[in-house]
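The block underneath contains the structure these notes are about, expressed in structure tokens.
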Amino acid sequence: MTIRTRFAPSPTGMLHIGGARTALFSWLYARHHGGEFLLRIEDTDRQRSTDEATQVILEGLRWLGIDWDGEPVFQSQREAEHVMAAEQLIESGHAYRCYCTHEELEAMREAQRAAGKKPMYDGRCRHRSDQPAGEPYVVRFRSPDVGQTIVHDLVLGDVVFDNAELDDLILLRSDGTPTYNLAVVADDAAMGITHVVRGADHLNNTPRQIQLYQALGLPVPQFAHIPLIHGPDGAKMSKRHGAVAITEYRDAGYLPDALVNYLARLGWSHGDQEVFSRDELIELFDLRQVGKTAARFDQQKLDWLNALYLREAKPSSLVDEVRRFLRVDVCCGPDLAEVIAILQERSRTLVELANGARFFYVRPEQYDPKAVKKHFREESWGLLDAFVSAVEAMEAFDAEKVHDVIRGICEQAGVGMGKLAQPIRILVSGGAVSPPIDRTLELLGREETLLRVRKGMARLREGAVS
RNA sequence: GCUCCCAUCGUCUAGCGGUCUAGGACGUCGCCCUCUCACGGCGAAAACAGGGGUUCGAGUCCCCUUGGGAGUACCA
């Protein structure tokens, strides 16, 4: 039997971290077993579903590199099949028409709550024989009220539910449209899904769905409920936790491979290993190694992984992305790939990298006052003058020569290299932080270096900041 | 309230009855390297929620308590 899984988001919002991980696990499981991974858009809630949300979800999955087989199935287009399934259940006696009004139901639930009971439909229309013409009705599932339904979960193990706890759920609304539980069962069966991998928030729906499979005479798939992801404070992930939409991570300069690696390790493990390539994940992923406990999202660990992937990437593979984040013209400055090469090990995100690269292409407008105050002293001017003269006299201008020049001047003056390197750094970059000064100047080139140092000295001497 | 799930360092986790004076990673804190920032190296602090059992032996099995979480819609 070939394994077939699916991801079934409802397009009522963004693809968030939790959904992305569910999709990832489902995808990894299918790919690991050489099976298929399908997509189904659960857009039966017409009020809240939007095409924009659908597009954003697909875009997020593509960016993460989670590819799906075939075309996405839109649940709303399968309504006829859902209605047929409901009719089949009525005919077989597994479902019935219910004429209860909202008011009636609310009153019933209120009474139950007041009595300290769990609000449940009491089945009052089960044996109703009249069929009032023109009265609106819903179709309810006649759920068994004795016995137990057991979910054999691949992650959680066997979970037992007393059937008495499950009431008669609505299959068809009064406008004739199908509800979630009916639609999922009908669609998963029609799509030939063998393993339903989804968030643990669906565990409570599972016994009802198993009953529906059985009533419809359909094979029950395997289930795997993976624990939820919580925000840093332990509560459910929500907007107030900052970035939750997958696209926000892309825009913040995270690499898809890093995010995938991080998400995979959130709830799944393979011994002590922390870093996994995509191929390794597919090769090693197993539902049996998925933990049962909800995980908190840890931005700092993601940052660490992203930095790791960033510094191990080929500079040329980062050029397009970095240029996008830079938003400045790079045609007149040093080769961007070379700039990336010296910046990638000192950046955690593409945004940081781009920010660090910007001064190579844009002359500093101002100089960080705190840096100036800290690094410019009386002796600085003499050292800088000596540096300018030395550079003018240099035959070749490369990192090694620049290093020698700076060191030579400092040794002669009997001071550490920082006494000269820092003022230069501030004058060429505007701040106290940059890649190694020799490589930085080499990339800027002799003319640009001289221009920035001279101009900077003049401006600071005017007392602008110093 | 009721039903269901979960419980090892701050965080992600290893552990599948004895190898645990509990391992790794992120983060934190020292030290080293050093022209800044990083990278890298070395080291440190840091956990089995509590209580009962079962067993020769429990982080590992069972029960209770506590604490989190999910569900409880004519949403998905």
Side-chain angles (χ1 to χ4, degrees), chain A residues 8-12 42-45 47-49 75 98 100 102 105-106 109 112-120 136-140 151 153 155-156 159-162 164-167 169-175 177 179-181 183-184 199-207 225 227-228 230 232 234-236 262 265-275 289 291-305 307 311 342-348 356 371 375 403 406-407 410 416-426 429 431-438 440:
Chain A
S10 66
T12 52
E42 309 219 320
D43 55 350
T44 51
D45 183 348
Q47 263 69 45
R48 297 191 300 150
S49 298
Q75 193 160 59
C98 166
C100 295
H102 283 97
L105 293 174
E106 195 40 57
R109 279 192 284 260
Q112 288 165 335
R113 266 191 287 266
K117 298 252 180 61
K118 177 180 182 175
M120 287 171 60
Y137 63 85
V138 299
V139 173
R140 282 186 188 270
V151 179
D153 194 272
V155 171
L156 300 171
V159 183
V160 181
F161 293 85
D162 281 329
E165 294 294 335
L166 277 15
D167 64 357
L169 80 167
I170 291 174
L171 265 20
L172 253 34
R173 302 184 183 97
S174 50
D175 64 358
T177 59
T179 57
Y180 170 71
N181 283 294
V184 202
D201 50 340
H202 287 287
L203 182 61
N204 289 300
N205 290 322
T206 310
H225 289 93
L228 270 18
H230 292 159
K236 194 180 179 182
Y262 177 72
R265 277 289 287 108
L266 216 53
W268 173 82
S269 63
H270 181 72
D272 284 340
Q273 192 171 342
E274 294 285 352
V275 181
Q289 305 302 325
K292 299 177 180 180
T293 65
R296 297 188 189 204
F297 190 84
D298 182 10
Q299 178 83 28
Q300 289 184 308
K301 188 155 185 183
L302 204 214
D303 283 348
W304 167 71
L305 268 172
R311 64 173 170 268
I342 56 170
L343 245 16
Q344 61 187 151
E345 75 172 22
R346 36 184 48 82
S347 310
R348 286 177 303 181
H375 296 288
H403 189 269
I406 295 174
R407 197 184 52 197
C410 291
M417 241 180 97
K419 290 287 187 293
L420 176 53
Q422 282 305 85
I424 296 173
R425 176 170 275 120
I426 290 163
S429 76
V433 175
S434 88
I437 197 66
D438 46 5
T440 298

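First the proteins, then the strands, lettered A, B, ... as listed; each starts at 1. Computation of the quantities below employed the complete heavy-atom set of this structure, encompassing side-chain atoms and omitting hydrogens, waters and symmetry-equivalent molecules.
- Using a 4.0 Å cut-off, no side-chain N or O of A:Arg346 falls inside it from OP1 or OP2 of B:G40.
- An OP1 or OP2 oxygen of B:C6 is reached within less than 4.0 angstrom by a side-chain nitrogen or oxygen of A:Lys292.
- Checked against side-chain hydrogen bond (donor to acceptor under 3.5 Å, both in side chains), A:Asn204 has no partners two or more places apart in sequence or in another chain.
- The CD atom of A:Glu345 sits 12 Å away from the P atom of B:G41 (whole-angstrom rounding).
- Scanning for side-chain hydrogen bond (donor to acceptor under 3.5 Å, both in side chains) contacts around A:Arg311 gives an empty result, with sequence neighbours left out.
- Among the protein residues, A:Gly267 comes within range of the sugar-phosphate backbone only, with heavy atoms under 4.0 Å from sugar or phosphate atoms but none that close to a base.
- On the P atoms, B:U28 is 36 Å away from B:G18, given to the nearest whole Å.
- Rounded to a whole angstrom, the distance from the C1' atom of B:U55 to that of B:C62 is 12 Å.
- Side chain A:Arg425 to base B:C35: a donor-acceptor pair is found below 3.5 Å.
- For the C1' atoms, the distance from B:C6 to B:A76 is 23 Å, rounded to whole Å.
- Residues satisfying the side-chain hydrogen bond (donor to acceptor under 3.5 Å, both in side chains) criterion with A:Ser434, sequence neighbours excluded, are A:Arg425.
- Heavy-atom nearest nucleotides on RNA chain B were determined for A:Arg48 and for A:His375, and the one closer to the 5' end corresponds to A:His375.
- B:G59 and B:U21: their P atoms are spaced 9 Å apart (whole Å).
- Looking at residues two or more places apart in sequence or on another chain, you find no side-chain hydrogen bond (donor to acceptor under 3.5 Å, both in side chains) involving A:Gln300.
- Across the C1' atoms, B:C48 and B:G15 are found 10 Å apart, a figure rounded to whole Å.
- When the P atom of B:U36 is taken as reference, atom NZ of A:Lys419 falls 10 Å away, rounded to whole Å.
- Here CZ of A:Arg140 is found 6.5 Å from SG of A:Cys100. Values are rounded to the nearest 0.5 Å.
- With a cut-off of 3.5 Å on both pairing distances, the Watson-Crick or G-U wobble partner of B:C4 is B:G69.
- Checking B:C2, B:C35, B:A73 against every side-chain atom of A:Arg109, the shortest atom distance belongs to B:A73.
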Legend entry - Base-contact (B) and sugar-phosphate-only (S) positions in nucleotides 66-71 of chain B, heavy-atom cut-off under 4.0 Å, - elsewhere: ---SBB
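- B:C5 has no base stacking with the ring of A:His225 when judged by centroids under 5.5 angstrom apart and an interplanar angle below 30°.
- A:Thr206 contributes a side-chain N or O that, together with a main-chain N or O of A:Leu203, makes up a donor-acceptor pair within less than 3.5 Å.
- Closest of all the heavy-atom pairs between A:Ala294 and A:His230 is CB-CE1, 3.5 Å.
- Ranked by how close their nearest RNA chain B nucleotide is to the 5' end, A:His102 and A:Val433 are led by A:Val433.
- In terms of phosphate contacts, A:Ser174 brings no side-chain nitrogen or oxygen within less than 4.0 Å of OP1 or OP2 of B:C74.
- Between A:Met120 and A:Ala164, the shortest heavy-atom distance links the atoms CE-O, 3.2 Å.
- One N or O donor and one acceptor, one from the side chain of A:Glu274 and one from the base of B:G24, sit under 3.5 Å apart.
- Set against B:C35, B:C4, B:A25, the side chain of A:Phe161 has B:C4 as its closest nucleotide.
- Qualifying ring-ring contact (aromatic ring centres under 6.0 Å, His included) partners for A:His403, counting only residues two or more places apart in sequence or in other chains: none.
- Nucleotides B:C4 and B:U65 are separated by 13 Å at their P atoms, to the nearest Å.
- Within 4.0 Å (heavy atoms only), A:Pro136 reaches no atom of the nucleic acid at all.
- Closest to the A:Arg140 side chain, of the nucleotides B:C2, B:C74, B:C12, is B:C74.
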Using a cutoff of under 3.5 Å, can you pull out all pairs of nitrogen or oxygen atoms linking the protein to nucleotides 18-22 of chain B, with atom names and distances?
none

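- Summarising the base pairing, B:C16 is matched to no nucleotide, lacking a Watson-Crick or G-U wobble pair whose two defining distances lie under 3.5 Å.
- Of all nucleotides listed (B:U72, B:U36, B:A76), B:U36 comes nearest to the side chain of A:Gln422.
- Nucleic acid contact class of A:Leu266 (heavy atoms, under 4.0 Å, all strands): sugar-phosphate only.
- Residue contacts shown for A:Tyr262 are absent, as no nucleic acid heavy atom lies under 4.0 Å away.
- Closest to the side chain of A:Ala295, out of B:C74, B:U13, B:A76, is B:U13.
- For the salt bridge (Lys or Arg N to Asp or Glu O under 4.0 Å) condition, no pair includes a residue of residues 291-300 of chain A, sequence neighbours left out.
- Counting any heavy atom pair closer than 4.0 Å across all strands shown, A:Val138 reaches a base atom.
- Taking the side chain as every heavy atom from C-beta outward, A:Thr179 and A:Leu169 never approach each other to under 4.5 Å.
- Considering only side-chain N and O atoms, A:Arg311 lies under 4.0 angstrom from the phosphate OP1 or OP2 of B:G40.
- For A:His403, the listed nucleotide lying nearest its side chain is B:C35; candidates were B:A73, B:G24, B:C35.
- B:A47 and B:A22 have their C1' atoms separated by 9 Å, given to the nearest Å.
- Across all strands shown, B:G41 is found opposite B:C31 as a Watson-Crick or G-U wobble partner, with both distances under 3.5 Å.
- The CD atom of A:Gln273 lies 9.5 Å from the CZ atom of A:Arg265; values are rounded to the nearest 0.5 Å.
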Listing time: all N or O pairs from protein to nucleotides 14-16 of chain B that are below 3.5 Å?
{"from": "B:A14", "atom 1": "OP1", "to": "A:Ser269", "atom 2": "OG", "distance (Å)": "2.9"}

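- Pair assignment for B:C26: B:G10, on the basis of Watson-Crick or G-U wobble contacts that are both within less than 3.5 Å.
- A:Thr293 comes within contact range of the sugar-phosphate backbone alone, with a heavy-atom separation under 4.0 Å but no base atom that close.
- Applying the side-chain contact (heavy atoms from CB on, under 4.5 Å) test to A:Asp175 and every residue at least two apart in sequence or in another chain returns A:Arg173, A:Thr177.
- With rounding to whole Å, A:Gln299 atom CD is found 15 Å from B:C12 atom P.
- Shown here are the side-chain contact (heavy atoms from CB on, under 4.5 Å) partners of A:Lys419, two or more places apart in sequence or in another chain: A:Glu379, A:Leu383, A:Val415.
- Residues that satisfy the side-chain contact (heavy atoms from CB on, under 4.5 Å) test with A:Pro207, not counting sequence neighbours, are A:Thr149, A:Val151, A:Phe161, A:Leu166.
- Spacing between B:A44 and B:C9 at atom C1', rounded to whole Å, works out to 14 Å.
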